[in-house]
Protein chains: 2
Amino acid sequence: MPLRRAKMPVRRPTTMEEFEARCRRQGLPVTSQRRAVLRALAAREDHPTADQLHEALRREHPDLSRTTVYRVLETLVRLGVVTKVSHPGAAVHYDAFTGRHHHLVCDVCGRLSDLVLPGFDALPLPDTRAQDFEIADYSVHFHGRCRSCRPRTSRNA
Amino acid sequence: MPLRRAKMPVRRPTTMEEFEARCRRQGLPVTSQRRAVLRALAAREDHPTADQLHEALRREHPDLSRTTVYRVLETLVRLGVVTKVSHPGAAVHYDAFTGRHHHLVCDVCGRLSDLVLPGFDALPLPDTRAQDFEIADYSVHFHGRCRSCRPRTSRNA
DNA sequence: TTGTATGCAAAAGGTTTGCAATGAT
DNA sequence: ATCATTGCAAACCTTTTGCATACAA
């Protein structure tokens with residue numbers, strides 16, 4: 001039976017204000033399509049693909065083209081208000097929550113979900129001077145098997 | 001100038017023996033194609049795609065088809081001797097090193113490299129009973145900008 | 001007004017699938 | 001002998017591109 005977590009930290013997706021401020025700073029026009037895509041993405045807790053987002057937006061914005069959704073998402077990533085979620089295989093998944101958070105990845109079905117874990121938010125950063133790599137952030141990927149992909153006989157090699 | 005690390009832990013890719021043992025355990029035939037693909041992958045330190053591996057194998061195995069490389073890699077993942085690497089973007093990348101290690105991901109070019117960091121190898125596992133998720137392992141993804149993608153003027157928004 | 005974004009359609013990857021022939025056990 | 005794998009070609013799905021039009025600043 002599922003346990004309940006006492007203090008569940010909050011997930012705060014990018015706001016429209018942050019988005020517009022960044023557009024202005026970079027001289028990019030704030031279009032209705034960009035607003036719509038960001039709003040739709042920010043409203044979700046999962047990590048939809050461009051196509052899923054396009055599909056979800058069809059009712060409200062029937063004139064929004066698939067191509068534009070792809071392009072807008074790429075722009076939002078460049079603006080830093082959206083991140084791409086690394087997803088082995090399949091399509092690119094996006095997330096409008098740019099705060100520090102971690103991931104649960106199912107090795108079998110590939111499903112990925114967020115995990116806000118304050119205990120993992122202050123890891124010491126490794127010394128990457130040898131690689132000449134400038135670390136901006138990190139996230140911990142826990143992989144294993146999700147509920148639906150775990151057999152009742154719970155052993156594997 | 002690059003620093004030198006005193007004790008660099010070793011990267012030990014899957015051996016042919018482990019592979020064959022697992023094949024036998026699961027009743028899968030050990031084919032020359034499977035050997036060839038695993039050997040080629042295990043010999044590399046990067047994380048090639050199926051296509052890159054196929055290209056690399058062309059000289060030695062001109063009769064090995066692209067389709068087979070895709071299928072073999074999927075089989076090796078099922079056998080647990082190879083892992084898919086989370087890679088932002090298009091193609092799936094594979095790794096024959098299944099030991100605990102971490103990643104450096106460039107936000108700009110997407111290049112990904114391994115990072116063996118003993119200091120990060122014993123993190124406490126979070127309680128995922130609520131999600132009913134069985135954690136098998138984890139890896140820390142550090143993202144930021146690699147040498148080639150970092151401008152000399154080292155500030156960003 | 002000026003430059004960028006959008007929409008369409010077509011192209012370009014990357015990956016999967018159906019089927020007959022081959023190969024491993 | 002038996003069943004899974006391989007190779008080929010075609011299908012499929014996701015993403016990108018060229019170009020004329022529409023829109024934000």
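Sequence lines set the chain letters: A, B, ... in the order given, protein chains first and strands last, and positions in each chain run from 1. Since the structure is predicted, the reported quantities are computational estimates derived from the model, not experimental observations.
- The side chain of A:Thr31 contributes no N or O atom lying less than 4.0 Å from OP1 or OP2 of C:dT4.
- Protein atom CD of B:Glu74 is 13 Å distant from nucleotide atom C1' of C:dG14, rounded to whole Å.
- In this entry the distance linking CG of A:Asp63 with P of C:dT6 reads 12 Å, nearest Å.
- Nucleotide D:dT14 holds its P atom 19 Å from the CG atom of B:Asp51, rounded to whole Å.
- No salt bridge links A:Arg147 with B:Glu134; every basic N to acidic carboxylate O contact stays at or beyond 4.0 Å.
- The NE2 atom of A:His93 sits 8 Å away from the P atom of D:dT15 (whole-angstrom rounding).
- Computed from coordinates, the A:Glu55 CD to D:dC13 C1' distance equals 15 Å when rounded to whole Å.
- Side-chain to base pairing of A:Arg71 with C:dG7: one donor and one acceptor N or O lie within less than 3.5 Å of each other.
- Aromatic rings from B:Phe142 and B:Phe120 are positioned such that their centres are separated by under 6.0 Å.
- Taking NZ of A:Lys84 as the reference point, atom CG of A:Leu73 lies at 9.5 Å (rounded to 0.5 Å).
- Taking the six-membered ring for Trp and the full ring otherwise, the centers of B:His103 and B:His47 sit less than 6.0 Å from each other.
- Comparing A:Val30 and B:Val72 by the nucleotide of DNA chain D whose heavy atom lies nearest to each, the residue mapping closer to the 5' end is B:Val72.
- What separates CD of B:Gln33 from P of C:dT22 is a distance of 13 Å, to the nearest Å.
- Rounded to whole angstrom, the span from the CG atom of B:Leu64 across to the P atom of D:dC8 amounts to 10 Å.
- One finds no salt bridge joining B:Glu74 and B:Arg78 here, because no Lys/Arg side-chain nitrogen approaches an Asp/Glu carboxylate oxygen to under 4.0 Å.
- Using a 4.0 Å heavy-atom distance criterion, A:Arg66 is classed as a base contact.
- Positionally, the nearest nucleotide of DNA chain C for A:Leu28 lies more toward the 5' end than for the other of A:Leu28 and B:Tyr70.
- Atom CZ of B:Arg78 and atom P of D:dA4 are 12 Å apart (whole Å).
- Residue B:Thr67 places a side-chain atom within donor-acceptor reach of the base of D:dA9, judged by atom type and a 3.5 Å distance cut-off alone.
- Checking B:Ala50 against A:Thr68, the closest nucleotide of DNA chain C that is more toward the 5' end is the one next to A:Thr68.
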